[in-house]
Amino acid sequence: MMVHVEEQSLVVVDKGQIVDKATQMSKEGFRLVQISCLAKDSYEVTYSFDKNYACAHVRVVLPKDNPELPSITGAYFAAFTYENELQDLFGIKVSGLALDFKGKFYKLSVKTPFAPQPQQPAQ
Amino acid sequence: MATRTIVPFGPQHPVLPEPIHLDLVLEDEKVISAIPSIGFIHRGLEKLVEKKDFLEMTYVAERICGICSFIHGQSYCQAIEGVMKIDVPERALYLRTIWGEMSRIHSHLLWLGLFADGFGFESLFMHSWRVREKLLDLIEETTGGRVIFGTAKVGGVRRDMESLTLKRVEDELKIIEKMSHELTDVFKKDSSVKRRTVGKGVLSKEDAITLGAVGPTVRGSGIASDMRKLGYAAYGKISWEPVIETGCDCYARCMVRCRELYQSFDMIYQAMAKIPDGPVDVKVTGNPNGEYFARVEQPRGEVIYYVKGNNTKNLERFRVRTPTFANVPPLVKMLGGCELADVPVIVLTIDPCISCTER
Amino acid sequence: MSFFKKSPWVIHYDGSSCNGCDIEVLACLTPLYDIERFGIINTGNPKHADVFLITGTINEQNLEVVRNIYNQMPDPKVVAAIGICATSGGIFRECYNVKGGVDTAIPVDIYIPGCAVRPEAIIDGVVAALGVLEKKAAALKTMKASA
């Protein structure tokens, strides 16, 4: 009996290519599953797409200082929730958002809590 | 053009057991657009991985949501098992399936009640919850908890069910199944229910894909997308097909859930017939190293657990994308053009679970 | 407590609970537990309510909402913190966005622990809260009489 591990593909692309890649995925009928981010020495933003139960991840690596990302809301409107989350929790500036809450999507006691060096909580 | 008014909906609203806020832009009674704002329940629990080790996080994962609690715990365990390549005993996988489906029945019965309450059919609400209490008794008997099961564990499950208990649970479930028929018949046939749901909150097939809808919301728009088809736990070993409806409206989404109830009963019977003997857990040694995205179908739709470990006790990153988070953009789409009085019903059809969404 | 002179109405707000306690609060209203037999009705309007049932922790965003609901309730009123999160913060106490239990925002009269809290415990707690309510009502009366 084997452990259940799903086959998933992962490609790393350049920041400039992500919009084209998303548009291409959208044309091929992929569904946007999620966008997540890991912040350590750099920002790893992972976009996941799904078509017929096959999961494809596309990763963009951003530098630690002044991380910026173009929005993919042109291809997938639904990305606005994830991209506002990136702005609020990680402090990544997303340009061209279709629905920009300007840092008000979450109301937090700590500014950008998931960014590499979080500020001390106000206490 | 009529004058536009903005009506705030929530956070404290009679139909919502949980807070979500929508700014509804109205022209007379017609909703032109809806702007969601969330964050009332944001706790930041993804950050708790820095303070709790990866085994303790199972309890936190179970408390992301009190309704699909067991499946949250199971998904987290599957994510960790995926990273650590743990071989889970087969009996544990079957038990996870049984408890997972019990949790789905409990969630759908709960939703049917809330939905009935949403359009003012209070006796139907009470009746759904009366049926649900019988199921909660079984859950309590087998796990010890009513809503938070606490039985999921990395490497298996925490409790076993004896064959006598299995038999008794099966008999009881058959009674509950019969009671559910009386209930779902009303949702299916009652003219007052139909008047409030048919043709309301339409989400077309194309929109459902581009907006990334999941769970009963996407299946109500005619797309067979159900993560249980990936074959985790024992879902690959029993025969079933995703439930789909093609109405694309509130009625279709309600029918998906009604039919899924019986599908879940059937899955439990199949799992009980096939469950093998053996241990229910394995010892977990070492620390997770690597990353994995685990996808599991919850009552509300697909959930994604991302874990990344760096060979220490504490995970480097833990991320949950819950079904309601993915269903917020489709909800915004459904609300455009509806009447103000239909807003609560439409909001309820995505089965919003806000505490999941905001974590 | 054998009987109440009044029918106390309750209002429920979910602070940032996981839903477990919320659905148990709702379960109290439904046929098996049925607190309506005590004349207790769940209302959505704070101005109609005597008892404020609150589940979950207090965080930055709901602080004002909770205070707002509390201030809108007429005197005498009682507050019951339901579940371990509302009592002390529970498993989420260490999260960055969590301030703590309900008593960090408004005064709490009754604490009902449990994760998730059981309906029996909620009923017990609400009945205890009603005792407090009657005392507060009596105190209010003497205050008015002496004024």
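Letters A, B, ... mirror the listed sequences (proteins, then strands); counts begin at 1. Reckoned from all heavy atoms, side chains included, excluding hydrogens, waters and symmetry mates.
Here the options are B:Phe318, B:Tyr292, B:Phe293, the test is ring-ring contact (aromatic ring centres under 6.0 Å, His included), and the partner is B:Tyr305; only B:Phe318 passes.
If you measure heavy-atom distances from B:Ala208 to chain A, you find no contacts under 4.5 Å at all. For B:Lys333, no part lies near chain A; criterion is any non-hydrogen pair under 4.5 Å. If you measure heavy-atom distances from A:Leu89 to chain B, the contacts under 4.5 Å come from the side chain alone. Contacts of A:Ser26 with chain B are absent, with no heavy-atom separation under 4.5 Å from either backbone or side chain. Heavy-atom distances place the backbone of A:Cys37, and not its side chain, under 4.5 Å from chain B. Interface remark: B:Ile223 contributes no atoms to any contact with chain A (heavy atom separation under 4.5 Å). Proximity to chain B (any heavy atom under 4.5 Å) is restricted, for A:Leu32, to the backbone atoms N, CA, C and O. Of the two parts of A:Phe80, only the side chain, counted from C-beta on, holds a non-hydrogen atom closer than 4.5 Å to a non-hydrogen atom of chain B. Interface remark: B:Ile209 contributes backbone and side-chain atoms alike to the contact with chain A (heavy atom separation under 4.5 Å).
Defined by atom type and a distance below 3.5 Å, a donor-acceptor pair is present between the side-chain atoms of A:Ser71 and A:Thr73. Donor-acceptor pairing under 3.5 Å is recorded for the side chains of A:Glu28 and A:Gln24. Side-chain contact annotation: B:Ser204 with B:Asp207, donor-acceptor N/O pair under 3.5 Å present. Judged purely by distance below 3.5 Å, without hydrogens or angles, the side chains of A:Tyr82 and B:Arg321 pair a donor atom with an acceptor atom. Residues B:Thr312 and B:Asn314 bring no donor and acceptor atom of their side chains to less than 3.5 Å of each other.
For the set B:Val332, B:Asp226, B:Val83, the entry with the most heavy-atom pairs within less than 4.5 Å of chain A is B:Asp226.
For A:His57 against A:Ser48, the heavy-atom pair with the smallest separation is ND1-OG, 2.8 Å.
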